Amino acid sequence: MKATFRTPKTYKGWIGLFSILIIVLLGSWPVIPLLNHETILFGMPILMVWSVILIFLTTGTLIVLNKMGVNE
């Protein structure tokens, strides 16, 4: 089976692709060392708070993209 990458055909698709890529970059290696401190925020280390924020950010982005009709 040949693996291909299809690009979005609409502006909504491009918005969806870039928003998900931004979220992936926010949770990747360059951001993690900036937050890897012993600072406590809401009773948790700041890195754990950041991971919870990323979960909510991802879920919210997917809900917004679904309401926009990106999956159609």
Side-chain angles (χ1 to χ4, degrees):
M1 179 175 7
K2 187 197 256 185
T4 59
F5 180 76
R6 297 184 339 181
T7 58
K9 295 185 182 359
T10 63
Y11 75 95
K12 290 180 185 179
W14 284 106
I15 290 171
L17 177 67
F18 285 123
S19 62
I20 296 300
L21 285 177
I22 288 171
I23 291 173
V24 168
L25 289 175
L26 286 175
S28 65
W29 176 79
V31 178
I32 299 302
L34 297 174
L35 300 171
N36 196 11
H37 300 288
E38 295 181 7
T39 307
I40 301 295
L41 186 65
F42 303 121
M44 298 181 289
I46 196 160
L47 189 58
M48 186 180 286
V49 172
W50 181 246
S51 65
V52 171
I53 290 171
L54 278 177
I55 291 169
F56 285 117
L57 186 63
T58 304
T59 304
T61 302
L62 291 176
I63 289 171
V64 168
L65 291 175
N66 194 20
K67 296 284 184 188
M68 285 174 49
V70 173
N71 60 348
E72 296 174 357

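From a predicted model like this one, the values you see are computed outputs, not experimental measurements.
Counting all heavy atoms, side chain and backbone alike, Thr61 lies closest to Ser19 at CG2-OG, 3.7 Å. Across Leu25 and Val31, no two heavy atoms sit closer than the pair O-CG2, 3.6 Å. Here the closest heavy-atom approach between residue Met68 and residue Lys12 is recorded as O-NZ, 3.0 Å. The heavy-atom pair separating Leu41 from Val49 by the smallest distance is O-CG2, 3.3 Å. Minimum heavy-atom separation, Ile23 to Leu54: O-CD2, 4.1 Å. The shortest heavy-atom contact between Ser51 and Met48 is OG-O, 2.7 Å.
Residues Trp29 and Leu21 do not share a hydrophobic cluster, defined by chaining ILVMFWY side chains whose heavy atoms lie under 4.5 Å apart. Each of Phe18 and Leu26 belongs to its own hydrophobic cluster when Ile, Leu, Val, Met, Phe, Trp and Tyr are linked at side-chain heavy-atom distances under 4.5 angstrom. Transitive grouping of hydrophobic side chains (ILVMFWY, heavy atoms separated by less than 4.5 Å) keeps Ile22 and Ile15 in distinct clusters. The hydrophobic clustering, which links ILVMFWY residues whose side-chain heavy atoms are closer than 4.5 Å, places Phe56 and Leu62 apart.
More than 12 heavy atoms of other residues, nucleotides or ligands lie within 6.0 Å of CE in Met44, so this atom counts as buried by the packing criterion.
The main-chain N or O of Gly27 is never found under 3.5 Å from a side-chain atom of Trp50 such that the two would form a donor-acceptor pair.
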Practice problem: Apply the test side-chain contact (heavy atoms from CB on, under 4.5 Å) to residues Val52 and Phe42: give CA-CA distance (whole Å), side-chain angles for both, the deciding distance (0.1 Å), then the verdict. | Solution: CA-CA 12 Å; Val52 171; Phe42 303 121; over 6 Å; no
